[in-house]
Amino acid sequence: MAEKITPRLENYPKWYLNVIQEAGLADNSDVRGCMVIKPNGYAIWENMQRGLDRMFKETGHVNAYFPLFIPMSYLAKEEEMAEGFAKECAVVTHYRLKAEKGQPLKVDPTAELEEPLIVRPTSETIIWKSYKSWIQSYRDLPLLINQWANVVRWEMRTRLFLRTAEFLWQEGHTAHATAAEAEAETMQMVKVYAKFAEEFMAVPVLVGPKTEGQKFPGALYTLCIEAMMQDGKALQAGTSHFLGQNFAKAFDVMFTTPDNKKEYAWATSWGVSTRLIGGLIMTHSDDQGLVVPPRLAATHVAICPLGKTEADRAPALAAAQKLAAELRALPREEFFGYEPIGVQIDNDLKTSPGYRFAKHEVRGVPIRVEVGPKDMEKEIPTCIVARRDYLYQVELEPELNHQKKNEVPLVTSAESIVRALKDMQRVLFERAKKYRDARTVTATTLEEFAALFPVKGGDKDEEETELNKLQFVYAHWDGTRETEDMVQKKYKATIRCLPFDGPMEPGTCPFTGQPSARMVLFARAY
RNA sequence: CGGGGUGUAGCUCAGCUUGGUAGAGCGCUUGCCUUGGGAGCAAGAAGUCGUCGGUUCAAUUCCGGCCACCCCGACCA
């Protein structure tokens, strides 16, 4: 059978879409720019939700839910936000259709809303409208609320998971009595995101503030996490905003201080979305399909009993069931401390072993176990444990002495599997970090910078397929919006952030010759 | 909103130039065969050819309108 997935080096964007399709993560829908998230993709999102939600709760947050529709006038109350989102808002103007026999359905012109509603692109406005009535005293603060929701941003160009017109996310919205407290919250939450990205997704990230030009509309500043994809492009994976008193002022949210004075509340907001799934795919997956770090996998182990007939297979099937039960019975702390291990027995008699192996690989199941008659005949029965992360990587990292398949005694296979899962989580992170660090460079002169972000003569395909060529580039910057805009226009590279642990020495801006406080991180971005 | 392109089976597409009412591969169903890396053979089901109109004895094919989608640009946290 022909290879179904376009190799990454041939065409990276096409590979990305192939993986999503073949792994059963999502479909394009008939509604332009919107996606259908299929069970396999949604399972990853559910695991992301679980991990994040736990971390939010551990930092004192609670969940609530606010309406999908927002009166248009609310958005208008915060000027920067209105300007920032005006061009991508879906608007509801009517509340009724007209259905007459033999006539096409149409909007009932007599059912026009007095005030149009927008579908939330983000919920600061409607949430702060509520906060106005919830916050009276300093005793009501801090207010630490998160919501899991969908939002709509009418993007011109969409890509599955990375940028869709509707997407799922969480948005935290907090109110505090002091600026310092709100700023600490902003920092705390970006660190939560960084921890989640690195420990759950096995995606290394850089943390730091956005530039003035790239911050969220309505924010005083934005902190973000940035990840490198396999093609060297950057992906903004999460943001945490210090909103100052902008929304409190827009919605008149004042509280009484202990010394009986009135003050506006201080705000933060922070969010990550289903875009993380896109980032996960483009960090770990390979030409054979999806690779999912164990902490986010719904199914961790697929056991394939082998044997031609039901009778041939019976002993192997029994062994598979025993192993599955053993794995499922493991105490949670034996795995990652909470979710139980997901085990699936693929006992399909009608498909060949190769087909089943390939199916689980393309879908990103971390561990596959093969057990068949040959294993069961042995004095000490064994099984084959195959790790998804070793496949097709062997030639890339020969020093790690990867083994595609390991034969282990059945009696010890459960521990072998748990050990492998833990190791895989670590290996994926280290591999991604090594990849990113090897592709992070410094440019001190304009010539160096220009060579790192070549602009081709129009052939976009060629440009996008040059895997390994794009890099993260540290360079000085004079701090002005003009220079930032010029670089974006000329080199299609943006300042991703000013990483907290990046180089801090002052220097000279290669673009203007002006003094620069520190180097910043440039990259092409999704 | 400008420039280009495409709408034919579940999917990817051929056929149209030169009009005569439709094909392939994959997928699906069934049977045989096959079981430690995506097998093979055979049979079968499946399409108002985007839509509306025009020309014609006859339109998937030619002409026009419309609609949808894709690519490039613009735009885009």
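No experiment lies behind these values; they were computed from the predicted model shown.
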* **Residue Gln288(A), side-chain atoms from C-beta onward, closest of U35(B), G38(B), G36(B)** => G38(B)
* To do: Tell me, yes or no, whether the heavy-atom count around Trp154(A) atom CH2, taken from other residues, nucleotides or ligands under 6.0 Å, exceeds 12.
  => no
* Asked: Just checking Asp312(A): base, sugar-phosphate only, or nothing, at a heavy-atom cut-off of under 4.0 Å?
  -> nothing
* Any side-chain N or O of Ser352(A) under 4.0 Å from OP1/OP2 of A39(B)? -> yes
* When rounded to the nearest Å, what value does the distance between P atoms of G27(B) and G38(B) take? -> 14 Å
* Asked: In terms of side-chain heavy atoms of Lys492(A), which of G73(B), G36(B), C76(B) is nearest?
  -> G73(B)
* Asked: OP1, OP2 of G38(B) versus side-chain N and O of Lys359(A): anything below 4.0 Å?
  -> no
* **A22(B) and A42(B), which share atom name P, separated by this distance in whole Å** => 25 Å
* Asked: So Trp266(A) and Phe242(A), would you call those rings parallel, tilted or perpendicular, with 30° and 60° as cut-offs?
  -> parallel
* **C1'-based separation of C70(B) from C26(B) [nearest Å]** => 22 Å
* To do: Please examine the side chains of Asn150(A) and Leu68(A), heavy atoms only from C-beta on, and report whether any two atoms are closer than 4.5 Å.
  => yes
* Structure fact -> To the nearest angstrom, the CG-P distance between Asp287(A) and G37(B) comes to 21 Å
* To do: Examine the base of G36(B) for any acceptor or donor lying under 3.5 Å from a partner atom in the side chain of Arg368(A), and report the outcome as yes or no.
  => no
* Asked: Donor-acceptor pair, Arg388(A) side chain versus Pro366(A) backbone, under 3.5 Å?
  -> no
* Separation between the C1' atoms of U48(B) and G5(B), rounded to whole Å -> 26 Å
* To do: Dot-bracket for RNA chain B, please, read 5' to 3', with Watson-Crick or G-U wobble pairs under 3.5 Å on both distances, ( ) within the strand, [ ] crossing, | other strand, . unpaired.
  => (((((((..((((......[..)))).(((((.......))))).....(((((..]....))))))))))))....
* **Side-chain donor-acceptor contact under 3.5 Å, Thr268(A) with Thr174(A)** => yes
* Distance, rounded to the nearest Å, where Glu22(A) contributes CD and G38(B) contributes P -> 17 Å
* Reckon Lys210(A) touches a base, only the sugar-phosphate, or nothing at all at heavy-atom distances under 4.0 Å? -> nothing
* Asked: What integer number of Å spans the P atoms of G64(B) and U18(B)?
  -> 15 Å
* Which of these nucleotides, G73(B), C76(B), U35(B), is closest to any side-chain atom of Arg356(A)? -> U35(B)
* **Pairwise P distance for U61(B) and U17(B), with rounding to whole Å** => 10 Å
* Expressed as a whole number of Å, how far does the C1' atom of C62(B) sit from that of G44(B)? -> 37 Å
* To do: Using a heavy-atom cut-off of under 4.0 Å over every strand shown, decide if Arg163(A) touches base, sugar-phosphate, or nothing.
  => base
* Which nucleotide sits closest to the side chain of Phe357(A): G38(B), G73(B), G36(B)? -> G36(B)
* Would His241(A) and Thr222(A) count as having a side-chain donor-acceptor pair, cut-off 3.5 Å? -> yes
* Asked: Under 3.5 Å, is there a donor-acceptor pair between the Thr122(A) and Arg120(A) side chains?
  -> no
* Under 3.5 Å, is there a donor-acceptor pair between the side chain of Asp27(A) and the main chain of Ser29(A)? -> no
* To do: Please determine, for the side chain of Tyr355(A), which listed nucleotide (U34(B), G36(B), A39(B)) has the closest atom?
  => A39(B)
* Asked: Between A14(B) and U8(B), how far is it from one C1' atom to the other, in whole Å?
  -> 9 Å
